[in-house]
Trainee: 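Just dropping this structure here.
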Amino acid sequence: MELFNDYKNRYYRCIQNIINEIYNGKKYTKKDIRKILQDAYLEQEFVLVNEFVNGEFFEFEDEFAKLRIDSNIPIRLNDLEIAYLKMFVEDEEFNKVLDEEILTKLKQKLDKIDSLNYNQYWKRENIDKFGDNLDNLEFRNKIIILEKAILNNKFIKYSSKNRKGDVFEDKIAYPYKIEYSIKNNKYRLIVFCDDRAIKINIESITKVEIFEDKDFSLMDKSNLQDKKIKEFINNKKNIDKPIVLKIEDNKNTLDRCFNLFSAYDKRYYYDDNNLILNIYYHDFDEAEIVRDILSLGKSVIVLEPKKIRDKVVGRILRNFDR
């Protein structure tokens with residue numbers, strides 16, 4: 001068996017994820033790792049599962065797994081993913097939000113790669129005219145500054161003004177991710193600020209700069225604020241407990257789901273002729289996701305988790321009581 005060939009070995013991605021999560025600070029016991037592997041693959045291959053847990057990659061210290069290598073495992077792209085990336089590099093809209101240096105490097109690396117035909121896969125239709133305008137140089141520069149901060153583990157100093165007119169001046173924050181919502185054509189920034197994770201419409205940011213004195217990768221992780229940031233990074237998504245929706249695909253419900261939840265990582269599959277959509281989300285996304293699920297009406301049923309299902313049901317019952 002070729003252990004580290006991701007085309008021939010179905011354990012590769014699973015082991016890779018576990019190793020990278022342990023490297024980033026997540027705690028796993030031997031029982032945790034064995035259960036993940038057993039749940040993900042065929043039960044008759046338990047012998048191999050047992051070998052993986054008992055020394056191939058991990059040793060156990062105080063019941064928790066410790067890596068035998070002091071490194072994570074970089075994500076490897078397959079040929080289709082590389083061609084897909086080439087397609088985006090050739091797209092004018094995509095180019096507008098990339099730093100020129102990064103764009104040049106990508107073009108050089110992908111020069112001999114055959115691109116996919118962009119128009120064969122989707123068309124841009126019904127773009128919200130009140131959304132973000134990438135032709136605005138000031139707006140594009142804000143995205144590029146934020147990208148640099150995220151890639152280099154730098155903090156930012158920013159000012160913003162929300163819809164109510166409240167002004168926030170010179171806030172120091174750790175930027176985690178930029179996300180894009182197809183539904184309203186908006187770019188949003190997820191930051192850790194004032195001991196909590198928040199989302200900000202990038203349009204509402206009036207000024208932003210990289211805070212050169214604060215580099216998270218070099219900071220003392222014993223500091224309380226830094227520990228909270230590290231905890232947020234390591235537990236950034238409900239990976240083990242995604243929102244699971246059963247979809248009745250009428251009136252373009254599936255298309256609407258992918259539109260509404262465009263900013264989230266998703267998995268979509270069939271189970272006994274039912275359409276199932278898994279949405280991997282942050283805790284602070286809950287209110288927005290519940291609102292979007294309600295907008296889909298009776299064509300969508302929340303299967304898991306119970307707390308999201310209860311919130312959806314609670315909102316429906318409150319509306320009936322009005």
Side-chain angles (χ1 to χ4, degrees), residues 4-7 12-13 16-17 20 24 71-154 156 175-191 199-203 205 208-210 217 233 236-237 255 257-268 279-280:
F4 287 110
N5 186 316
D6 52 350
Y7 298 107
Y12 178 88
R13 292 291 175 98
Q16 178 189 50
N17 290 339
N20 288 346
N24 288 326
S71 174
N72 61 353
I73 300 178
I75 302 299
R76 296 170 58 191
L77 300 180
N78 60 38
D79 291 342
L80 181 60
E81 290 168 330
I82 293 172
Y84 196 71
L85 178 59
K86 175 70 175 287
M87 180 181 72
F88 275 107
V89 168
E90 294 175 338
D91 179 66
E92 291 182 5
E93 291 295 306
F94 181 76
N95 291 348
K96 290 176 182 177
V97 296
L98 271 189
D99 177 77
E100 190 63 36
E101 183 180 352
I102 294 175
L103 184 60
T104 300
K105 288 181 179 179
L106 283 173
K107 287 181 176 178
Q108 291 173 348
K109 291 288 186 180
L110 299 169
D111 180 53
K112 297 181 180 179
I113 301 297
D114 292 331
S115 176
L116 299 174
N117 181 356
Y118 185 92
N119 293 322
Q120 181 179 343
Y121 294 91
W122 65 74
K123 294 180 181 179
R124 287 191 176 92
E125 295 181 348
N126 302 320
I127 301 298
D128 190 337
K129 63 181 180 180
F130 297 109
D132 293 330
N133 180 13
L134 290 177
D135 290 324
N136 183 304
L137 185 59
E138 182 182 352
F139 181 81
R140 281 162 52 188
N141 284 339
K142 284 190 287 188
I143 289 184
I144 289 172
I145 290 170
L146 293 170
E147 284 176 347
K148 286 183 177 179
I150 293 168
L151 289 171
N152 292 292
N153 274 311
K154 294 286 188 178
I156 58 171
Y176 162 62
K177 179 183 178 183
I178 296 172
E179 65 178 28
Y180 174 70
S181 171
I182 293 175
K183 179 180 69 171
N184 50 20
N185 188 27
K186 286 285 185 183
Y187 288 85
R188 298 181 292 191
L189 174 69
I190 299 173
V191 296
K199 281 186 182 181
I200 309 169
N201 282 330
I202 293 178
E203 181 186 33
I205 296 175
V208 61
E209 62 182 271
I210 293 176
S217 62
I233 294 171
K236 56 184 177 290
K237 287 183 184 174
D255 289 342
C257 280
F258 275 91
N259 186 294
L260 283 170
F261 305 119
S262 59
Y264 305 97
D265 291 333
K266 299 171 290 296
R267 182 187 174 208
Y268 163 60
I279 303 170
Y280 301 92

Trainee: Kindly assign one of parallel, tilted or perpendicular to the pair Y180 and Y187, based on the angle between their ring planes and the thresholds 30° and 60°.
Mentor: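 Y180 vs Y187 ring planes: tilted.
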Trainee: Restricting to non-hydrogen atoms, name the atom on V208 and the atom on K142 that form the minimum distance, rounded to 0.1 Å.
Mentor: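 Shortest heavy-atom separation between V208 and K142 comes out as CG1-CG, 4.1 Å.
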Trainee: Of all heavy-atom pairs between I73 and N20, which one has the smallest distance, and what is that distance?
Mentor: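 Shortest heavy-atom contact: N-OD1, 2.6 Å.
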Trainee: Any idea which heavy atoms bring K266 and F261 closest together, and the distance?
Mentor: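 Between these two residues, the closest heavy atoms are NZ-O, 3.0 Å.
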Trainee: Quick one: closest heavy-atom pair of K177 and A263, and the distance?
Mentor: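 Residues K177 and A263, closest heavy atoms: NZ-O, 3.8 Å.
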Trainee: Could you measure the distance from the CD1 atom of I279 to the OH atom of Y264? Nearest 0.5 Å is fine.
Mentor: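 These two atoms lie 8.0 Å from each other.
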Trainee: Heavy atoms, side chains only, cut-off 4.5 Å: are L151 and I102 in contact?
Mentor: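 They are in contact (side-chain heavy atoms under 4.5 Å apart), so the answer is yes.
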Trainee: Can you name the closest pair of heavy atoms from L189 and I150 and give their distance?
Mentor: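 For L189 and I150, the tightest heavy-atom pair comes out as CD1-CD1, 4.4 Å.
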Trainee: From I144 CD1 over to E147 CD, what is the distance, rounded to the nearest 0.5 angstrom?
Mentor: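 Taking CD1 in I144 and CD in E147, the distance rounds to 6.5 Å.
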Trainee: I'd like to check the side-chain contact (heavy atoms from CB on, under 4.5 Å) partners of D135; sequence neighbours left out, ordered by chain and number.
Mentor: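 Applying side-chain contact (heavy atoms from CB on, under 4.5 Å) to D135 gives K96, N133.
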Trainee: Distance check, rounded to the nearest 0.5 Å: K154 atom NZ versus K148 atom NZ?
Mentor: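 One gets 12.5 Å once the value is rounded to the nearest 0.5 Å.
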Trainee: Mind checking what makes salt bridge (charged side-chain N to carboxylate O under 4.0 Å, His left out) contact with K199, not counting sequence neighbours?
Mentor: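 In terms of salt bridge (charged side-chain N to carboxylate O under 4.0 Å, His left out), with neighbours along the sequence ignored, K199 is linked to E179, D285, E288.
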Trainee: If you round to the nearest 0.5 Å, how far is CG of D114 from CD1 of I82?
Mentor: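 So the gap between those two atoms works out to 11.5 Å.
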Trainee: Determine whether D111 and Q108 make a side-chain contact, defined as any pair of heavy atoms from C-beta on separated by less than 4.5 Å.
Mentor: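 No. Closest side-chain heavy atoms not under 4.5 Å.
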Trainee: Mind checking the CG-CG spacing from D255 to L260? Nearest 0.5 Å is all I need.
Mentor: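 The CG atom of D255 sits 11.0 Å away from the CG atom of L260.
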Trainee: Can you see which heavy atom on I156 is nearest to which on P175, and at what distance?
Mentor: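 Heavy atoms of I156 and P175 come nearest at CG2-CG, 4.0 Å.
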Trainee: Can you sort out the partners of E101 under side-chain contact (heavy atoms from CB on, under 4.5 Å), two or more places apart, ordered by chain and number?
Mentor: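 Result, side-chain contact (heavy atoms from CB on, under 4.5 Å) vs E101: D99, K105.
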Trainee: State, with a plain yes or no, whether a side-chain heavy atom of N201 is found less than 4.5 Å away from one of D132.
Mentor: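 No; the side chains remain at least 4.5 Å from each other.
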Trainee: For the CD1 atom of I202 and the CG atom of L146, what is their distance to the nearest 0.5 Å?
Mentor: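 It comes to 5.5 Å.
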Trainee: Taking side chain as C-beta onward, heavy atoms only, is K107 less than 4.5 Å from V89?
Mentor: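 K107 vs V89: side chains touch.
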